[in-house]
Amino acid sequence: MELQAVLMAAGGGSRMMDLTYNTPKPLLPVGNKPLIWYPLNLLERVGFEEVIVITTKEVQKALSTDQRMKTDVKMRLDVVCIQEDADMGTADALRHIQQKIKTDILVVSCDLITDVALHEVVDLFRAHNATLSMLMSKVHEFTETVPGQKGKKKAGEQRDFVGVDVTGKRLLFMANEADLDEGLVLRKSIMRKHPRMLIKTGLLDAHLYCLKRSVVDFLVHNKSVTSIRGELVPYLVRKQFSKSLNSKTATEDTERNQKQQDADHNLELLSTSKDEALVQLARERSCWNDHRGDMSEAYHGGKLRCYVHIMEEGMCYRVNTLAAYIEANRVVPKLFEEPPIHPTAAVSERSLVGSDSIIGPFCQISDKTSIKRSNVGTSSIIKEKVKITNSIIMNGVTIEEGCNIQGSVICNNAVIGRGADMKYCLVGSGQRIEPETERTNEVIVGSDQLMEI
Amino acid sequence: MADSVGRQVDSINHATEEDEKKQEIIRAKGEGKELTKEEKQRLRKEKKQHKKNKKDDRGPPEKEKEKASVPAPSKPATQSPAHKAAPVPVNASASESPVAAEKPAKSKAELRADRRARQDSERASKPGKKEVGQQSTSSKPKATPSELQPVKRLPEHVQVDDPAALKKLAKKLERQQVPLRSDYGYKVSLFSHLHQYSRKNPPTQQISIPVTAIHPSIVRLGLQYSQGIIAGSNARSVALLHAFKQVIQDYSTPPNEELSRDLVNKLSPYISFLSQCRPLSASMGNAIKYIKKEISNIPNQCKEEEAKRRLQECIDSYINEKIILASQAISKYAIEKISDGDVILVYGCSSLVNHILCEAFEKQRKFRVIVVDSRPRLEGREALRRLVKKGIRCTYVLISALSYILPEVSKVFLGAHALLANGYVMSRVGTSQIALVAKAYNVPVLVCCETYKFCERVQTDSFVSNELDDPDDLIVTRNGKTHLENWQTVKSLGLLNLVYDVTPPDFVDLVITDLGMIPCTSVPVVLRVKNVDQ
C-alpha cells in the first residue's frame with residue numbers, strides 16, 4: 001500500500017467558539033453537509049478506500065448515526081477516539097495511532113474544503129522521495145461582513161513567512177511571525193545552497209501533509225513534539241540544511257545537544273532505505289540536477305527534502321474562523337451537482353427561493369417567503385412573510401412569521417420570534433429570540449457560554 | 001454412378017475449394033498483410049490447381065447438373081471430408097461444404113456469370129491492393145519478414161497515427177488498469193506517428209492516489225522518468241532494476257499460481273505504465289528481457305523466499321556485470337587511447353564518458369576537455385560540473401560553435417543510447433552532427449557503449465523510431481518576454497523536440513565496449529555471439 005490517510009477531527013475550533021460551543025467543529029454544517037464530509041469526499045474522489053479518523057466520542061457517535069454520511073461516504077472509516085480534555089496536539093495524535101501506521105501517511109485536517117488536484121502534492125512526494133510534501137494556497141480576502149465584528153477588521157493574524165526556491169516547489173524556509181523576535185533570520189547554509197529564494201507571506205497553509213513513515217517513528221522517539229504545523233513542519237524544514245552529524249564538534253557536547261544529536265541521528269537513519277547503494281548509483285549516472293550554479297550534486301546530497309505545492313487557482317478554505325465559515329458557505333454550493341433545493345423540502349409555490357440558495361432536506365418554507373443567497377439547513381421551519389438574505393440557517397431552526405434576517409448566522413435549533421429583525425447577527429445554538437426585536441451586529445449566545453474564557 | 005458421384009463430389013469440392021481460396025485471398029489482401037514468399041507460392045500453386053480442375057469439370061458438371069438433386073449433394077458433403085486431398089485448407093472446408101453444396105442448384109450460366117464477376121472484381125481490386133501493398137512496404141521499412149514466420153508487427157509506439165493501433169493500445173491498457181496518456185499539441189507531420197506528451201499532464205493524473213493497480217515504486221519510477229529526474233540510459237536501467245527488486249520483495253504468490261508465471265504477468269502492466277510515462281530505452285528493454293527470462297527459469301519446486309532471493313541476486317549481478325564492471329573495463333581500454341596533450345571533445349552528459357575521463361585524470365593523463373552542449377536539455381552543464389569538480393580543464397561551447405572549435409580537437413568521445421544491429425549508433429540528438437563534422441575535419445570519433453545496450457533493431461534514419469519530448473521545453477523567457485507562449489494558436493507553427501538521432505557507421509571510427517575495441521560493423525557479430533551464449 002502506498003499511502004494511508006489520517007483525518008484529524010479532534011480539534012476544538014478555538015477561533016470560533018460562538019459556533020462550536022455546542023456543536024463540535026467537524027459537525028458544523030457547511031452547505032448543509034457536515035464539515036467533516038468535505039475532506040472525506042476529497043479523499044474518496046481521489047481513490048482512498050479507508051481513512052483513519054481521529055476524533056472525539058461525540059463526533060464518532062454522530063458519524064455512525066448520520067444516515068447521509070453512511071450513504072455518501074463509501075470508504076471504510078477507522079475511527080479512533082481520544083479524550084476531549086486530553087489536550088492532544090496533532091503530533092500527539094499521530095503518536096497515539098502509531099501502531100496502525102504501516103506506510104507513508106497523508107494527514108488532512110477536518111476543516112479543509114478544497115478542490116485541489118491531490119496528485120500534484122503526492123507527485124512531489126513520490127518523485128523526489130521527499131520527507132514532507134504539503135499544500136498551500138493563496139489567501140482569499142473575505143468580502144462578506146462578519147456578524148459581531150465591531151469596528152475594522154483586526155490587523156490580520158500572525159503572518160507566515162514561507163521561503164521557496166526558484167522552481168517554487170522546494171520548501172526552504174518556514175516561520176511564523178510570532179516566533180520571530182526582531183527580524184527574519186536566514187541561515188547562511190541555506191543561502192549558499194539556494195542563492196535565490198522567494199519569500200511569500202500571503203499563503204494559507206491547507207494543513208494537508210504527506211509524511212514519510214520514518215517521521216512517525218521519529219515522533220515516537222521525540223515526545224516533545226506536540227503539533228504538526230507548529231513544531232514538526234518547521235523542524236523538518238530546518239533539518240534539511242543542518243550540518244550532518246560528522247561535522248559536529250566535540251565541544252558542543254552538553255546534554256541537550258546530545259539529545260538533539262540523537263534525535264537528528266534517528267531521523268536520518270530512519271529515512272535511509274535499504275538498497276541505498278542502487279539509488280545512489282542511479283542518481284550518480286543520471287544527468288539531472290535540481291539546481292545549477294554550484295558544484296554540488298542533485299539535492300546537495302541531502303537526504304531530507306521538503307516540498308510544497310502552492311495552489312494558484314481553485315478553491316481552498318480552512319474553516320477555522322467565523323469569516324472563513326461564512327465564506328465557505330457562500331462558495332461551497334458551486335461544488336455540488338445536487339439540486340439546490342432538496343427533494344424532500346416542502347417549498348410552497350408562493351415563496352421565492354433564489355437560485356444561489358440551498359435548502360436542506362425536510363425543510364418547510366411557507367408562502368410569501370423570500371430566500372436569497374442563503375443556506376437553510378435540515379428540518380428548518382420558515383413561516384410566512386420571512387425575508388432571508390445572505391444568511392446561514394443551520395439545522396432545526398424555526399423562524400416565525402414576518403422576520404427579516406440579513407447577513408446572519410443562526411445556529412442549530414434556534415427559534416426566532418415573529419417580526420424579529422436581525423442584521424449581521426450570530427445567534428447561538430438553541431437560543432430564543434423574542435418577537436419584535438431588532439438586533440444589528442450582535443452575537444447572541446447563551447449565558448453559560450459567556451463564562452468560558 | 002459412384003464414379004459420376006465421385007466426380008461430382010470433386011467438382012463440388014473444387015467449387016468449394018475455389019470459393020474458400022478466393023475468400024481467403026480476398027481476406028488476406030483485405031487485411032493488407034504482406035504475404036510471405038511461402039504463402040504466395042502456396043496460393044499460386046493452389047490457384048493453378050483450381051484452374052486445371054475447373055477446365056476438367058466444366059465438361060462433366062454440365063452433364064451431371066441435371067442429375068444433381070438436393071439430397072445427393074448432402075451425401076457427398078458427408079463423404080467429402082474423406083475424399084479431401086491435402087492441398088485443401090481443411091479448417092473451413094467442413095463448414096463450407098454443406099453451404100456450398102447447395103450452390104449447384106443454380107444454373108450453369110449463373111455459375112459462369114458468378115465466376116466472371118468474381119474474377120473481375122479481383123482484377124479491379126488488385127491494383128488497389130498492390131498500391132496498398134506498396135504503401136505498407138514504404139511505411140514499414142522495419143518490417144523484416146522472417147522466412148518461416150508471419151510478418152512481425154510494428155511496435156505500438158511508432159503507430160500513433162493509426163487509429164486501429166491506438167484502439168488496440170487503449171484496450172490493452174484498460175485491461176491492465178493502466179491510464180492512457182493523451183498526446184499533446186500539434187505534431188510536425190513527419191513525426192506524427194510518434195507520441196508527444198506534456199510534462200504538465202503527468203501519467204498519475206488518472207490513477208487513484210494510493211495506487212492499487214501498480215506498485216508504488218513503479219509509480220515513483222514512472223514519475224521520475226517523465227519529469228526527467230532520472231535521465232540517461234544507464235541511470236534508467238539501474239533505477240528500473242532497483243524498482244523491480246522492490247516489486248519482487250513485496251510480491252507474494254497467490255494460491256494455485258506459480259511464481260515463474262505469475263510474476264511475469266504481474267510485471268506486464270508495470271512495463272506498460274512505464275512506457276506510457278516515457279518510451280522504454282533499448283537498455284531497459286534488454287534488462288526486462290533478462291529479468292523475464294530469469295523469472296521463467298525459476299524451477300517450480302523452489303520455495304518463494306528462495307526464489308525471491310535468487311532473483312534479487314540475479315539483478316544485483318546483472319547490474320554489477322553489465323554496468324559497473326563493464327564501465328571499468330571500457331575505461332581501461334579507453335584510457336589506452338588517451339595520450340598526454342590530447343584535446344578531447346565530448347557531447348552532452350554521458351555517464352560512461354564522464355567516468356572514463358575521470359579515471360584517466362586519476363591515472364595522471366594530461367588532457368583537456370571541450371564540452372559541447374545543445375538546447376533544450378543543456379545536459380552539458382551537468383557534465384561540465386562533474387569534470388570541473390574532478391579538476392579537469394574544460395571548455396564549454398554550444399553545438400553551433402562546433403566547426404569553430406574542431407580544429408583544436410584531437411579526439412571525440414561519444415556516448416551511446418543504443419547500438420543498432422546494422423552498426424548505426426543511436427544517441428542524443430546532435431551526435432550525428434558532431435560525428436559528421438569531426439569526419440570532415442579528420443578527427444577520430446570513438447563511441448563508448450556497454451554491450452547490454454546492443455539492440456537487434458535496424459534503423460537507417462532518425463524518423464522511423466524516435467522520441468518526441470515536451471514541445472514546451474523549447475519555449476524560453478528572456479527579459480521577461482516569452483515569444484512562443486501561444487505557439488499553439490499559430491496554425492502554421494510546429495515545435496519539434498527530438499531526443500535521439502542515429503549516426504551511420506562511416507562516421508564512427510571505433511566502438512569501445514567491454515568486450516574490447518571493435519569497428520562499428522562488428523556489432524552484429526557481437527549480437528550473434530551474445531545470443532549464442534544465452
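Any value given below was found using the heavy atoms of this structure, including those in side chains, with hydrogens, waters and symmetry copies removed. Chain naming here is simple, since letters A, B, ... match the order of the sequence lines and numbering starts at 1 in each.
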If one checks every heavy atom of Ile319(B) against chain A at 4.5 Å, the contacting part turns out to be side chain

inquiry  = Taking CZ in Arg199(B) as the centre, count heavy atoms belonging to other residues, nucleotides or ligands within less than 6.0 Å. Is the count above 12?
reply    = yes

When the 4.5 angstrom heavy-atom criterion is applied to Asp290(A) and chain B, the contacting part is neither

Got a donor-acceptor contact below 3.5 angstrom from the Ser351(B) side chain to the Cys287(A) backbone?
no

Exercise. Under a 4.5 Å cut-off applied to non-hydrogen side-chain atoms, are His128(A) and Gln227(B) in contact?
Worked result: yes

Given Ala239(B), Ala235(B), Pro202(B), Ala383(B), the one with more heavy-atom pairs under 4.5 angstrom with chain A than any other is Ala235(B)

Value for CD (Glu276(A)) from NE2 (His242(B)), rounded to nearest 0.5 Å, stands at 8.0 Å

Please table the atom pairs, donor to acceptor, closer than 3.5 Å between any side-chain atom in residues 279-288 of chain B and protein atoms at least two apart or in another chain.
residue: Ser281(B); atom: OG; partner: Ser283(B); partner atom: OG; Å: 3.1
residue: Ser281(B); atom: OG; partner: Met284(B); partner atom: N; Å: 3.3
residue: Ser283(B); atom: OG; partner: Ser233(B); partner atom: OG; Å: 2.8
residue: Ser283(B); atom: OG; partner: Ser237(B); partner atom: OG; Å: 3.0
residue: Asn286(B); atom: ND2; partner: Tyr452(B); partner atom: O; Å: 2.6
residue: Asn286(B); atom: ND2; partner: Phe454(B); partner atom: O; Å: 3.0

May I ask you to test the Arg385(B)-Glu297(A) pair for a side-chain heavy-atom distance under 4.5 Å?
yes

The interface call for Ser327(B) against chain A, heavy-atom contacts under 4.5 Å, is side chain

Would you call Ile324(B) and Leu281(A) a side-chain contact if the rule is heavy atoms closer than 4.5 Å? yes

Per-residue tally against chain B (heavy atom, under 4.5 Å) across Leu118(A), Leu106(A), Leu278(A) peaks at Leu278(A)

Nearest heavy-atom approach of Gly228(B) to Trp288(A) is O-CD1, 3.2 Å

Worksheet item: Near Gln177(B) CD, under 6.0 Å, is it more than 12 heavy atoms from other residues, nucleotides or ligands?
Response: no

When the 4.5 angstrom heavy-atom criterion is applied to Gln205(B) and chain A, the contacting part is both

(Q) Atom CD of residue position Glu362(B) - does it have more than 12 heavy atoms of other residues, nucleotides or ligands inside 6.0 Å? (A) yes

Distance col, row His119(A):NE2 vs Gln206(B):CD, nearest 0.5 angstrom, shows 9.0 Å

Whatever's closer than 4.5 Å to a heavy atom in chain B on Ala117(A) counts as neither

To the nearest 0.5 Å, atom CZ of Arg126(A) lies from atom CG of Leu221(B) at 13.0 Å

The reported gap from CG in Leu352(B) to CZ in Arg285(A) (rounded to nearest 0.5 angstrom) is 7.0 Å

Turns out that what part of Ser296(A) lies under 4.5 Å from chain B's heavy atoms comes down to backbone

**Message:** Please check this pair: side chain of Ser286(A) against backbone of Ala231(B), looking for a donor-acceptor N/O pair closer than 3.5 Å.
**Reply:** yes

Note: vs chain A, highest number of non-hydrogen pairs under 4.5 angstrom among Ser208(B), Pro210(B), Gly232(B) is Pro210(B)

Q) Is the shortest heavy-atom distance from the side chain of Ile209(B) to the side chain of Leu3(A) under 4.5 Å? A) yes

Applying a strict 4.5 Å limit to non-hydrogen atoms, the region of Val219(B) in contact with chain A is side chain

Here the gap from Arg386(B) atom CZ to Glu284(A) atom CD, rounded to the nearest 0.5 Å, amounts to 8.0 Å

### Message
Tell me whether Glu174(B) at atom CD has more than 12 heavy atoms from other residues, nucleotides or ligands lying less than 6.0 Å away.
### Response
no

One should read off an interatomic distance between Asn129(A) CG and Leu223(B) CG, to the nearest 0.5 angstrom, of 11.5 Å

* Taking the side chain as every heavy atom from C-beta outward, state whether Arg381(B) and Asn289(A) have any atom pair closer than 4.5 Å. => no

Across all chains, not counting sequence neighbours, the side chain to side chain donor-acceptor pair (under 3.5 Å) partners of Thr167(A) are Asp165(A)

Okay, Val46(A) and chain B: the region with an atom under 4.5 Å from a heavy atom over there is both

